[in-house]
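All remarks here apply to the structure that follows.
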Amino acid sequence: MDGDRRHLLLWFFAAATAVKLLLIPSYRSTDFEVHRNWLAITHSLPLSEWYFDETSQWTLDYPPFFAYFERFLSFFARLLDPKIVDLHKGLDYSADSVVYFQRITVIFSDLCLLLGVYRLTRKVETLKRNLICVLVVWSPGLLMVDHVHFQYNGFLLGWLLLSVSFLQDGRDLIGGFLFAVVLCFKHLFAVAAPVYFVYLLRHYCWAGLATGLRRLVALGSVVVAVFAAAFGPFIYNGQIQQVISRMFPFGRGLCHAYWAPNFWVFYIMLDKGLAFTLRKLGFDVQVPSASFTGGLVGDSSPFAVLPQITPLTTFVMVLLAITPCLIKAWKKPQPGLVARWIAYAYTCGFLFGWHVHEKASLHFTIPLAIVAVQSLEDAKHYFLVSIVSCYSLFPLLYEPQEYPIKVLLLLLHSMVMWLGFTALYSDEKALKKEGGEIKSKFEMGCIEKGYLIGLVLVEIVSQFLHPYFLGDRYAFMPLMLISTYCAVGIMYSWIWQLLKILT
Amino acid sequence: MPKKNHSGDGTAAPLPVPPIDTWWWLSHKGTTTSFLCISLFALLIRSAVSMFPYSGAGTPPKFGDFEAQRHWMEITTNLPAIDWYRNGTNNDLTYWGLDYPPLTAYQSYIHGLLLRFFNPDSVSLFSSRGHESYIGKLLMRWTVLSSDALIFFPAALFFVLVYHRNRAKSQVAWHIAIILLNPCLILIDHGHFQYNCISLGLTVGAIAAVLCGSEVLTCVFFTLALSHKQMSAYFAPAFFSHLLGKCLRRKNPILSLLKLGIAVIVTFVIVWWPYLHSVDDFLMVLSRLAPFERGIYEDYVANFWCTTSILIKWKKLFTTPSLKFMSLAATVLASLPSMVHQIFSPSNEGFLYGLLNSSMAFYLFSFQVHEKSILMPFLAATLLALKIPDHFNHLTYYALFSMFPLLCRDNLLLPYLTLHLLFTLIYHSQLPKTKASSFSFTNFPGYVFLLRTHFVISLVLHVVYLTIQPPQKYPFLFDALIMILCFSYFVMFAIYTNYTQWNFSSHFRSADKEKKQI
């Protein structure tokens with residue numbers, strides 16, 4: 001039975017790999033060159049210069065474990081084609097060798113994701129396991145971001161899922177260890193650190209004075225060891241300041257150029273709306289000199305009417321948003337709810353964070369997939385949020401060649417989800433009959449259906465009607481429309497998750 | 001408990017088979033929903049393969065099939081219909097002259113209008129020769145994609161609905177996946193660049209019409225298919241013999257035949273109308289369709305003439321007219337058993353085997369066969385996949401392998417390997433239950449060993465072809481070896497399917513006898 005299960009998991013992975021291989025010649029974003037440059041930096045330069053090099057504008061801004069990972073990959077890159085890792089000659093290198101090499105490393109690193117899913121679904125029944133596999137391994141968002149746009153999210157999320165799986169098994173020390181490892185790969189994962197902290201403290205270390213203290217020391221030393229392994233060499237070289245400044249470049253603006261669909265979209269639109277109305281009413285409202293996507297220009301604020309938002313403000317807001325979840329975790333730390341809390345934490349981070357990228361929506365959609373099969377309401381919620389977050393990633397692939405691919409990926413995903421959920425929540429008696437129509441309890445509400453149909457309309461307007469009627473004018477409008485519409489969906493998801501956690 | 005793998009020929013599947021129930025959650029909503037889901041995936045795969053290079057990409061002055069199709073769009077949108085097949089100052093037939101029947105020309109015209117609307121430079125007379133651009137490639141690829149979605153997919157749905165009246169839903173879903181994710185069709189149409197999906201789609205429509213008994217519709221669809229690509233004639237003996245057999249069993253055979261004949265003639269006249277005003281015009285088109293001057297074979301295709309030409313130099317020993325006659329005779333002889341069987345005992349199952357046998361006979365013995373022509377027998381095999389799963393598995397492998405040199409020339413190696421992988425995954429996702437047939441090659445001693453050796457040699461050839469340079473004296477040595485290997489498998493396959501079809505009537509008769517005895 002176990003071999004059967006493993007084979008099925010591998011089957012899912014192999015099918016996804018076939019699609020990924022066919023996506024190799026597709027559009028690559030600048031992230032591709034970023035990672036190639038990091039291969040070059042870590043290979044050609046000594047450790048002491050990794051975070052100082054500025055040969056290319058794509059400087060190293062991930063924590064050291066990722067740099068070590070790139071170093072490991074660069075070994076194979078050099079064997080294949082030395083020009084890939086050449087610091088100067090390899091700039092903007094786009095020959096077949098580097099494209100195939102990098103794409104295939106992403107495909108291989110997805111094995112980490114597979115391992116995470118494998119561990120997580122060991123004790124789950126067949127249909128639910130298949131569904132989780134489909135939702136994670138065949139996630140359209142992951143395919144679009146990792147295998148077209150180019151990133152290593154599958155790899156990183158795999159570590160996160162492994163950590164969650166250990167926590168769910170009650171093996172908190174290893175769970176904590178793995179989370180510390182993930183943090184040293186990509187610091188964006190730190191949004192869930194408060195949840196981990198509270199949960200581990202309450203669940204692992206709250207066991208009487210002696211055991212508790214012993215466990216606390218054990219946990220603490222494990223985490224410190226991981227951080228030491230990562231940052232140690234840089235602290236030794238006295239470069240920790242530079243590393244931190246590279247990891248947290250607060251010179252960037254509140255929003256990314258493509259306006260991730262989060263809370264700040266509403267705040268900005270409110271500000272613009274108020275400024276417009278006040279001007280019409282005769283008040284003298286200055287047009288701000290700064291922009292939302294640019295950096296903080298001295299004291300000037302990009303907001304005309306509403307108070308300025310600083311990185312500190314966003315930090316406090318994220319923390320405030322996570323607090324209900326932390327209180328729940330403190331009162332009753334249950335291993336089964338960990339995935340839910342972590343997904344919630346990442347949702348808060350996405351909604352209220354500073355300079356959030358749409359790609360960050362993967363951080364909560366993937367953990368939510370584990371939760372989605374636990375109840376009918378979870379399934380309905382996941383259906384909506386997964387489609388919205390996948391759609392919000394559409395502007396990333398803006399070339400016409402990828403248009404059919406991204407639309408088909410989303411449609412296919414929606415259809416498979418729908419089929420899977422209707423099968424999971426169907427009437428028991430109907431399952432026995434082969435020919436009859438199976439009635440299912442999985443039915444979306446009117447508002448949800450209306451919202452999803454609205455999504456189709458938004459796409460038609462932004463993709464076809466706007467270029468046809470307005471051409472190149474107001475080019476920001478389609479993006480704004482998509483961001484705002486998706487932000488509504490994600491806000492709904494946040495509120496729903498919050499209510500679910502509190503009740 | 002995983003089901004034991006009772007594959008017919010003893011070569012055990014490398015992956016253990018997941019239980020049949022594994023996929024019920026995907027197929028529980030019925031055939032049409034499963035079809036929709038699988039067709040979304042099939043379109044996704046096609047869109048992805050479309051990103052790869054097409055035939056003749058970046059190789060002036062002649063380029064390849066892509067340039068030919070683009071040139072036909074240029075000709076049809078700029079010249080009147082009567083000039084499309086005629087050599088003239090505006091239409092130089094030596095540069096990719098039209099060599100398919102009028103329906104291809106009409107289809108090129110419609111697609112050409114689309115291209116002209118979005119990218120006029122790609123179809124302007126003369127100046128667009130060798131035009132290669134991002135948007136031009138994209139538009140051309142989308143015309144193939146849309147043709148596939150509008151013609152082949154609905155035809156496949158029609159077939160599946162008619163063929164699978166009472167079968168387990170998971171098996172139906174498996175069959176749909178096999179038909180829609182036809183690796184050869186995807187690689188040729190969406191990789192190399194052709195429009196086989198239209199003529200094959202119309203053929204599938206005709207086959208489905210036969211299965212549901214509407215013979216007039218069959219004639220219309222098949223005539224349309226013939227008017228799109230003359231290669232559809234590979235299936236003609238099967239259609240002809242089956243319909244004749246059915247008509248002979250009616251009360252008034254002459255009337256039935258007359259009805260069908262009229263349907264064919266009316267459809268033919270409607271499609272060929274611009275070229276029926278004079279005998280010269282008609283002959284002009286016909287001469288373009290059958291370029292006998294190109295010789296009995298070209299390149300290295302795995303059929304009889306090309307393979308045996310290693311030992312018997314046909315082109316040197318015989319003149320083209322005598323070779324024409326010999327190939328005709330051989331083709332007729334090879335398709336005779338299947339035709340005779342259908343005339344005397346027509347049946348739906350027998351018809352499907354007949355399609356396979358006649359198209360295979362044409363592939364092996366016909367004049368001027370290309371590697372791409374394996375699509376015809378392969379399509380018939382996909383329709384029969386549930387009945388002959390093991391042989392179908394091997395056929396897919398060798399059909400793809402026979403196109404391997406062509407695909408390598410087009411830089412489509414990665415899609416080739418990926419579609420192999422995808423096919424293997426789909427095939428093994430659920431092995432259908434096969435009835436043990438009375439005749440199976442596995443009963444022959446050494447067959448399994450032969451098959452395994454074949455397979456190992458082919459794997460070695462894959463690697464050798466890609467890495468080692470052939471000797472100067474025999475630059476096409478590896479192509480020839482691939483050809484021999486594929487040909488030997490095709491012959492074994494053809495013998496098996498002919499024998500199976502021939503035994504069909506005896507199976508029916510014995511089943512009837514049993515019923516009477518009970």
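Chain letters run A, B, ... following the sequence lines, proteins first and then strands; every chain starts at 1.
With a 4.5 Å cut-off on non-hydrogen atoms, A/Leu10 does not touch chain B at all. Both the backbone and the side chain of B/Leu44 come within contact range of chain A, each with at least one heavy atom under 4.5 Å from a heavy atom of that chain. In this structure, the portion of A/Phe12 lying under 4.5 Å from any heavy atom of chain B is its side chain and not its backbone. Only the side chain of A/Tyr100 comes within contact range of chain B, with at least one heavy atom under 4.5 Å from a heavy atom of that chain. Residue A/Val134 touches chain B through its side chain alone, counting heavy-atom pairs closer than 4.5 Å.
Among residues 132-148 of chain B, the residues having any heavy atom closer than 4.5 Å to a heavy atom of chain A are, in sequence order, B/Tyr134, B/Leu138, B/Trp142. Within residues 140-151 of chain A, no residue has any heavy atom under 4.5 Å from a heavy atom of chain B.
Legend: side-chain hydrogen bond (donor to acceptor under 3.5 Å, both in side chains) pairs involving residues 33-45 of chain B, not counting sequence neighbours: none detected.
Partners of A/Ser97 under the side-chain hydrogen bond (donor to acceptor under 3.5 Å, both in side chains) rule, at least two apart in sequence or in another chain, are A/Asp81.
Closest heavy-atom contact between B/Ser47 and A/Ile405: CB-CG1, 3.7 Å. Shortest non-hydrogen contact noted between B/Leu422 and A/Ala18 is CD1-CB, 3.6 Å. Taking both residues in full, the closest heavy atoms of A/Ala423 and B/Trp25 are given as CB-CB, 3.6 Å, listed atom of the first, atom of the second, then distance.
Between chain A and the residues B/Ser27, B/Pro415, B/Cys37, the largest count of heavy-atom pairs under 4.5 Å involves B/Cys37. The candidate from A/Ile24, A/Thr17, A/Leu412, A/Asn130 with the greatest count of non-hydrogen atom pairs under 4.5 Å with chain B is A/Leu412. Ranking A/Ser26, A/Pro400, A/Ala14 against chain B, the residue ahead of the rest is A/Pro400, based on heavy-atom pairs under 4.5 Å. Ranking B/Ile426, B/Leu36, B/Thr418, B/Leu26 against chain A, the residue ahead of the rest is B/Thr418, based on heavy-atom pairs under 4.5 Å.
Summarising the geometry, atom CG belonging to B/Leu419 is positioned 6.0 Å from atom CG belonging to A/Leu22; distances are rounded to the nearest 0.5 Å. Separating the NE2 atom in B/His428 from the NE2 atom in A/His7 is a distance of 11.5 Å, to the nearest 0.5 Å. Note that the CG atom of A/Leu21 and the CG atom of B/Leu421 stand 7.5 Å from one another [nearest 0.5 Å].
If you run side chain to side chain contact (heavy atoms under 4.5 Å, CB included) between B/Phe41 and each of A/Leu408, A/Val19, A/Leu411, A/Leu409, only A/Val19 comes through.
Counting non-hydrogen atoms of neighbouring residues, nucleotides and ligands closer than 6.0 angstrom, the CD atom of B/Gln469 reaches no more than 12 such neighbours.
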